[in-house]
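To start, the structure under review is shown below, and the notes come after it.
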Amino acid sequence: MPDVIALMKAIKRTAVEAVEAEKPVKICFGKVTGVSPLQICVEQKMTLGKHQLVLTRNVTDYKVLVSGGNVQDYCYEGELSETHTLPLSPSHTHAIGNVEVTVYNGLAVGDEVVLLRQQGGQKYIVADRVV
């Protein structure tokens, strides 16, 4: 009976080692330690550089087109810190249309991020920030 138990343990250990050798996708966490060049420390074990990282839109600056309706009958008056909205006279309308807006979503030192290690372990996808 002890031989059967030892054989079962050996088979189980071999199966676990085979799966780990393939390095399937793994979720891990890191902290941004530098932005120029980008560096992320992963679970206090290793530091990844920009060549090992694949960035998603969630962690980069990007531009997007937004559309607006018509702005009508109001103007802004005063300093930026104390802006007031006042009705215009005579009444008129301005069409805004499409406006390109920049979303500043790039990583900063100290940001904590979620990383997905690609199969094979050579690259890490920076999925998003940890909130």
Trace of the side chain to side chain contact (heavy atoms under 4.5 Å, CB included) decision for E100 with V64: CA-CA 6 Å; E100 185 176 74; V64 63; over 6 Å; no
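Note that CD of E112 and CZ of F29 are 9.5 Å apart. Values are rounded to the nearest 0.5 Å. The CG atom of N58 sits 4.0 Å away from atom CG of D128, with the distance rounded to the nearest 0.5 Å. Put simply, CD on Q122 and CD on Q52 are 8.0 Å apart, with the number rounded to the nearest 0.5 Å. Taken from NZ in K123 to CZ in R117, the straight-line distance is 15.0 Å, to the nearest 0.5 Å.
Proximity of T60 to T56: side-chain heavy atoms (C-beta onward) are nowhere separated by under 4.5 Å. For the pair R57 and V103, the minimum side-chain heavy-atom distance is 4.5 Å or more.
Apart from L38 itself, the hydrophobic cluster it occupies contains V32, V35, I40, V42, M46, L48, L53, L55, V59, L107, V109, V113, L115, Y124, V126, where clustering links Ile, Leu, Val, Met, Phe, Trp and Tyr at side-chain heavy-atom distances under 4.5 Å.
E43 and C28 make their closest contact through OE2-CB, 3.2 Å (heavy atoms, listed as atom of the first residue, atom of the second, distance). Considering every non-hydrogen atom in both G110 and K31, the closest pair reads O-CE, 3.6 Å. Shown here for G106 and D111, the closest heavy-atom pair between the two residues is O-OD2, 4.3 Å.
T102 meets the side chain to side chain donor-acceptor pair (under 3.5 Å) test with K63; sequence neighbours excluded.
Residues V130 and I27 are members of one and the same hydrophobic cluster, defined by side-chain heavy-atom contacts under 4.5 angstrom among Ile, Leu, Val, Met, Phe, Trp and Tyr.
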